[in-house]
Amino acid sequence: GIQVEQSPPDLILQEGANSTLRCNFSDSVNNLQWFHQNPWGQLINLFYIPSGTKQNGRLSATTVATERYSLLYISSSQTTDSGVYFCAAAYGNNRLAFGKGNQVVVIP
Amino acid sequence: NAGVTQTPKFRILKIGQSMTLQCAQDMNHNYMYWYRQDPGMGLKLIYYSVGAGITDKGEVPNGYNVSRSTTEDFPLRLELAAPSQTSVYFCASSQQGNEKLFFGSGTQLSVL
């Protein structure tokens, strides 16, 4: 199967700071999704982004499929951005490989 | 819309007991999935279904069974619970395969 690696594994941010999370994948993918798992465990789909760039408020994501990576940008971070961010790469027939996540803590 | 609904939210089982985790979605999605999440790890696919009456194994199917009698429901059955099945279980759905995935709120299961 495909390998998905996320970096950095852990990140501490001061409220208001910007950050970039990276997701590398080892092979061609059908699409790439980013999820946020909040401190209560709920998983929310942030982006469905097979290629190109999308924006959603203070968050944006870019996938460069030909170079096998995706980036998630958090601007003007808030405490509610804390949690774990997962990327998941779709490959083959109905397979989705998850990375181990980026643990983000935003301190006031 | 409720989206994807999972019950129960928490459960403690003794070794060897059985239980069924319930999952229902009201988005008329064709695809449904069961994942487990272990501490510090990503999600691993247990089973998935592409439509009513059709199921298939994922990466970690041993010790589990599923059925899909309707489009809406996709229960996960643990027949003989083992400590290795202590985990958080997530049900998810998508309209088609490899499309945007929506998760339920999870079930935290402990096997003691």
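Here is the naming used below: chain letters follow the sequence lines, and residue numbers restart at 1 for every chain.
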Inset, instruction - Measure distances from A/Phe35 to the heavy atoms of chain B and classify the residue's part below 4.5 Å as side chain, backbone, both or neither. - result: side chain

Legend entry - Same apolar cluster: A/Val4 and A/Val84, side chain cutoff 4.5 Å: no

Legend entry - Cluster check B/Met27, B/Val50: I/L/V/M/F/W/Y, side chain < 4.5 angstrom: no

Inset, instruction - Return each pair, listed once, that meets salt bridge (charged side-chain N to carboxylate O under 4.0 Å, His left out) where at least one residue sits in residues 28-45 of chain A; pairs must be two or more places apart or across chains. - result: none

Inset, instruction - Decide whether A/Val104 and A/Tyr73 are clustered together by the hydrophobic rule: side chain heavy atoms of Ile, Leu, Val, Met, Phe, Trp, Tyr closer than 4.5 Å, transitively. - result: no

Inset, instruction - Could you look at B/Val88 and say if it's the side chain, the backbone, both or neither that has a heavy atom under 4.5 Å from chain A? - result: neither

Legend entry - Close side-chain approach of B/Leu101 and A/Leu96, heavy atoms under 4.5 Å: yes

Can you list every donor-acceptor pair under 3.5 Å that links chain A to chain B?
{"unit_1": "A/Asn31", "atom_1": "ND2", "unit_2": "B/Asn98", "atom_2": "O", "d": "2.4"}
{"unit_1": "A/Gln33", "atom_1": "OE1", "unit_2": "B/Leu101", "atom_2": "N", "d": "3.0"}
{"unit_1": "A/Gln33", "atom_1": "NE2", "unit_2": "B/Glu99", "atom_2": "O", "d": "3.1"}
{"unit_1": "A/Gln37", "atom_1": "OE1", "unit_2": "B/Gln37", "atom_2": "NE2", "d": "3.0"}
{"unit_1": "A/Gln37", "atom_1": "NE2", "unit_2": "B/Gln37", "atom_2": "OE1", "d": "3.0"}
{"unit_1": "A/Asn45", "atom_1": "ND2", "unit_2": "B/Leu101", "atom_2": "O", "d": "3.0"}
{"unit_1": "A/Tyr48", "atom_1": "OH", "unit_2": "B/Asn98", "atom_2": "O", "d": "3.0"}

Inset, instruction - Step through the shown structure and confirm whether more than 12 heavy atoms of other residues, nucleotides or ligands are within 6.0 Å of CD1 on B/Ile15. - result: yes

Legend entry - Connected via hydrophobic side-chain network under 4.5 Å: B/Leu109 and B/Leu76: yes

Inset, instruction - State, with a plain yes or no, whether a side-chain heavy atom of B/Phe102 is found less than 4.5 Å away from one of A/Leu43. - result: no

Inset, instruction - Inspect the surroundings of CD1 in B/Ile12 and state if more than 12 heavy atoms from other residues, nucleotides or ligands are less than 6.0 Å away. - result: no

Inset, instruction - State yes or no: do B/Leu13 and B/Leu21 share one hydrophobic cluster built from I, L, V, M, F, W and Y residues joined by side-chain heavy-atom distances below 4.5 Å, directly or via other members? - result: yes

